[in-house]
Amino acid sequence: MKDSLEKMVSWIPSLLDGAKLTIFLTLSSVSAGLVIAVFLALGKISKNKILNKICSFYIFFFRGTPLLLQLYFIWYELPKICGFFTLSNRFFAAFLTFSLNSSAYLAEVVRAAIVSIDKGQFEASRSLGLNYFQTMFTVIIPQAIARLLPPVSNEFILVLKDASLVSLIALKDITKITQNIASSSSSSLVYIPAAVIYLVITAFFSRSFRTLENKFSKKSYL
């Protein structure tokens, strides 16, 4: 028992290195995805039919195909199809894949939040001389933030767990390092501290998002 505990403790530094990559990938890709999602949502509710169809197809494609397939395509096949688009960095390939995928899911969240705002807000803003984009980015979207937080929190946790897929392109996240240790040590005990680290990270970010939700919900009542 003592030997097993010592082994698990000795693996923690390596697993924490993988945790840093997992967290950074999740934070960066969800942040980028949210920015893209705002423009996708605006395009989908736009009266411009061409823009609407392009954004709708983008959302349909990335929501309708497996994330793993998207990751494989961007890392292995895209450089073959587009010679000028050469990927040599596994992290960038993962970041690009997760950002594009996350933006498709978050676009529907942003769209729903925008549509839920009282139409009177639009009319009042336009009567004050604000154009469409000024109205969206200074009046509507700030009010929609409180409504965005719960689903964005869910998407963040999903991406955090889905980040384990990057181990399949040899990116050293928690899962890949866990597999390497299990293989080199011929022991499955490493999965215990790995699972604990995942749980701690998930609990930390879930709590952080709940704090933000409470903060913004209180502001909405002031």
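Given the structure is predicted, the values throughout are model-derived calculations rather than measurements.
For Leu69, the side-chain contact (heavy atoms from CB on, under 4.5 Å) partners at least two apart in sequence or on another chain are Pro66. Take Phe39 and apply the side-chain contact (heavy atoms from CB on, under 4.5 Å) test, not counting sequence neighbours, and it matches Val35, Phe137. Tyr191 is linked by a ring-ring contact (aromatic ring centres under 6.0 Å, His included) to nothing, counting only residues two or more places apart in sequence or in another chain. Every residue two or more places apart in sequence or in another chain was checked for a side chain to side chain donor-acceptor pair (under 3.5 Å) with Asn180, and none qualifies. Applying the side chain to side chain donor-acceptor pair (under 3.5 Å) criterion to Asn101, with sequence neighbours excluded, gives Gln70. Shown here are the salt bridge (Lys or Arg N to Asp or Glu O under 4.0 Å) partners of Lys53, two or more places apart in sequence or in another chain: there are none. Residues forming a side-chain contact (heavy atoms from CB on, under 4.5 Å) with Ser31 (at least two apart in sequence, or on another chain): none. The salt bridge (Lys or Arg N to Asp or Glu O under 4.0 Å) check on Lys44 picks up Glu108, with sequence neighbours excluded.
Applying the ring pair (Phe, Tyr, Trp, His ring centres under 6.0 Å) test to residues at least two apart or on different chains, the pairs with a partner in residues 152-173 are Phe156-Phe205, Phe156-Phe209. Applying the ring pair (Phe, Tyr, Trp, His ring centres under 6.0 Å) test to residues at least two apart or on different chains, none of the pairs has a partner in residues 169-188.
Hydrophobic cluster membership for Tyr105: none, as no Ile, Leu, Val, Met, Phe, Trp or Tyr side chain comes under 4.5 Å of it. In this structure, Leu158 shares a hydrophobic cluster with no other residue, the cluster being traced through Ile, Leu, Val, Met, Phe, Trp and Tyr side chains under 4.5 angstrom apart.
One side chain, Ser103 or Tyr58, offers a donor N or O that lies under 3.5 Å from an acceptor on the other.
For OH of Tyr76, the number of neighbouring non-hydrogen atoms (other residues, nucleotides, ligands) closer than 6.0 Å is greater than 12.
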